[in-house]
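Structure record follows, encoded as structure tokens.
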Amino acid sequence: MNAFSRVERLVGPEGLAKLGKARVILFGVGGVGGWCAESLVRSGIGHLTIVDPDCVDVTNINRQLPATSSTVGHPKVEVLRERLLDISPECEVVALHKRYEAGVTWGLDGYDIIIDAIDSLKDKAALILEASAAPGAFFSSMGAACKIDPGKVRVAEFFSVRGCPLGSALRKKLRQAKTLPAKPFLCVYDEEVLPNLGPEQDPGPGKAVANGTLAPITGIFGFTLAGLALQEILKDEF
């Protein structure tokens with residue numbers, strides 16, 4: 001019995017073969033992206049490129065898959081790559097310890113699926129423009145902080161996302177720059193926005209604010225992104 005026998009039972013031999021041939025790139029492996037990455041590899045994805053500039057911080061432990069007391073200070077992508085290869089040694093996992101930057105050659109045309117799970121408004125807006133112009137399917141995570149109700153997580157096309165401050169800020173930024181996505185794309189979002197009840201914290205380098213976040217919500221966001229990607233790869237199987 002192979003590790004993906006339950007996947008094959010559901011999607012069939014041809015479906016499993018499609019998953020094995022699929023090339024996926026994921027930007028951001030923090031609270032949302034780490035769970036997304038593991039879900040993809042456990043589902044039989046054959047190639048995954050993970051991109052993130054950060055190292056594990058102790059404040060990541062409450063919600064991020066790569067974060068444990070023993071990995072603090074280590075690059076998130078390297079920690080995650082080691083874990084993913086332990087799950088699926090035959091998977092080709094490429095770890096890029098770098099920040100997404102517009103203008104850098106990312107070779108997005110070579111991927112079947114592009115997933116955005118980054119936080120920076122500027123970088124996220126640039127990635128939306130580049131990824132939506134690539135031939136592969138593109139999926140994006142909106143803000144997962146300040147939420148507690150798992151039943152409120154939703155999926156909608158970018159311009160139909162409502163009640164999400166990050167989604168509103170992105171649309172405003174893109175419209176002001178007179179640059180719109182090249183094609184529609186689906187987002188994972190949640191209309192719930194709770195107040196922070198605890199003391200203010202240092203958001204860290206490049207972060208505007210440190211909002212409260214829970215693992216169940218970031219996990220659901222990540223799992224949903226992975227589910228959308230798998231559904232796209234297997235769309236002709238069902």
Side-chain angles (χ1 to χ4, degrees), residues 22-34 36-37 40 45 47-57 60 64 66 74-81 84 92-145 157-159 161 164-189 203-210 221-222 225-226 228-229 232-233:
R23 292 177 55 83
V24 181
I25 185 167
L26 167 63
F27 293 91
V29 295
V32 172
C36 178
L40 291 169
I45 290 295
H47 175 99
L48 178 63
T49 296
I50 50 177
V51 185
D52 195 297
D54 294 337
C55 292
V56 176
D57 184 85
N60 301 150
Q64 298 192 13
H74 296 269
K76 292 179 184 178
V77 291
E78 295 297 339
V79 173
L80 187 57
R81 180 178 185 273
L84 297 177
E92 183 181 13
V93 182
V94 177
L96 301 179
H97 185 218
K98 59 195 296 186
R99 179 177 299 278
Y100 171 82
E101 292 180 282
V104 174
T105 300
W106 292 99
L108 295 187
D109 287 2
Y111 292 93
D112 303 295
I113 305 288
I114 306 160
I115 301 175
D116 156 42
I118 59 180
D119 297 325
S120 164
L121 181 65
K122 177 184 176 182
D123 295 339
K124 200 174 192 75
L127 177 56
I128 284 173
L129 293 176
E130 182 176 0
S132 65
F138 173 53
F139 304 102
S140 179
S141 171
M142 297 292 104
E157 202 282 322
F158 177 60
F159 284 101
V161 170
C164 173
L166 178 57
S168 298
L170 284 166
R171 289 192 297 269
K172 181 178 179 181
K173 184 176 182 64
L174 293 172
R175 282 170 172 150
Q176 286 179 338
K178 297 182 179 180
T179 53
L180 296 178
K183 64 186 176 187
F185 62 95
L186 293 177
C187 300
V188 182
Y189 75 105
K207 309 290 185 180
V209 63
F221 269 59
L225 283 172
L228 292 171
E232 173 66 23
I233 295 167

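These numbers come from a predicted model, not from an experiment.
- Proximity of a side-chain donor or acceptor of Glu157 to a complementary backbone N or O of Phe185 within less than 3.5 Å is detected.
- Interatomic distance, Glu130 CD to Tyr100 OH, rounded to the nearest 0.5 Å: 3.5 Å.
- Smallest separation of non-hydrogen atoms from Lys76 and Pro66: O-CB, 4.1 Å.
- Taking the side chain as every heavy atom from C-beta outward, Asp116 and Lys124 approach each other to under 4.5 Å.
- Once rounded to the nearest 0.5 Å, the distance linking CG of Leu225 with SG of Cys187 reads 9.0 Å.
- For Asp112 (side chain) and Arg23 (main-chain N/O), a donor-acceptor pair under 3.5 Å exists by modelled atom type.
- For the side-chain contact (heavy atoms from CB on, under 4.5 Å) with Phe27, the lone residue among Asp52, Asp123, Ile114, Thr49 that qualifies is Ile114.
- Of all the heavy atoms in Val32 and Ala117, the pair that sits closest is CG1-CB, 4.2 Å.
- Side-chain contact between His47 and Val94 is present, with heavy atoms from C-beta onward closer than 4.5 Å.
- Between the CG atom of Leu174 and the CG atom of Leu170 there is a distance of 6.5 Å, given to the nearest 0.5 Å.
- Looking at heavy atoms from C-beta onward, Val93 lies in side-chain contact with Ile50 at the 4.5 angstrom threshold.
- Met142 and Cys164 get closest at one heavy-atom pair: CB-SG, 3.5 Å.
- The two residues Ile113 and Glu232 come nearest to each other via the heavy atoms CD1-CG, 3.7 Å.
- In Lys183, the NZ atom is crowded: over 12 heavy atoms of neighbouring residues, nucleotides or ligands sit closer than 6.0 Å.
- Nearest approach of Ala95 to Arg81, heavy atoms of both residues: CB-CD, 3.8 Å.
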Please report the C-alpha distance between Arg171 and Val161 in whole Å, then the side-chain angles of each, then the deciding distance to 0.1 Å, and finally whether the side-chain contact (heavy atoms from CB on, under 4.5 Å) criterion is met. CA-CA 10 Å; Arg171 289 192 297 269; Val161 170; 3.8 Å; yes

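- Between Gly143 and Leu166 the shortest heavy-atom distance is N-CD2, 3.5 Å.
- Listed for the Ser141 side chain is no donor-acceptor partner under 3.5 Å among the backbone atoms of Val188.
- Atom CZ of Phe158 is separated from atom CD1 of Ile128 by 4.5 Å, given to the nearest 0.5 angstrom.
- The distance from atom CG of Leu80 to atom NE2 of His74, rounded to the nearest 0.5 Å, is 14.0 Å.
- At a threshold of 4.5 Å between non-hydrogen side-chain atoms, the residues Phe159 and Pro181 count as touching.
- Taking CG of Leu127 as the reference point, atom CG of Leu108 lies at 7.0 Å (rounded to 0.5 Å).
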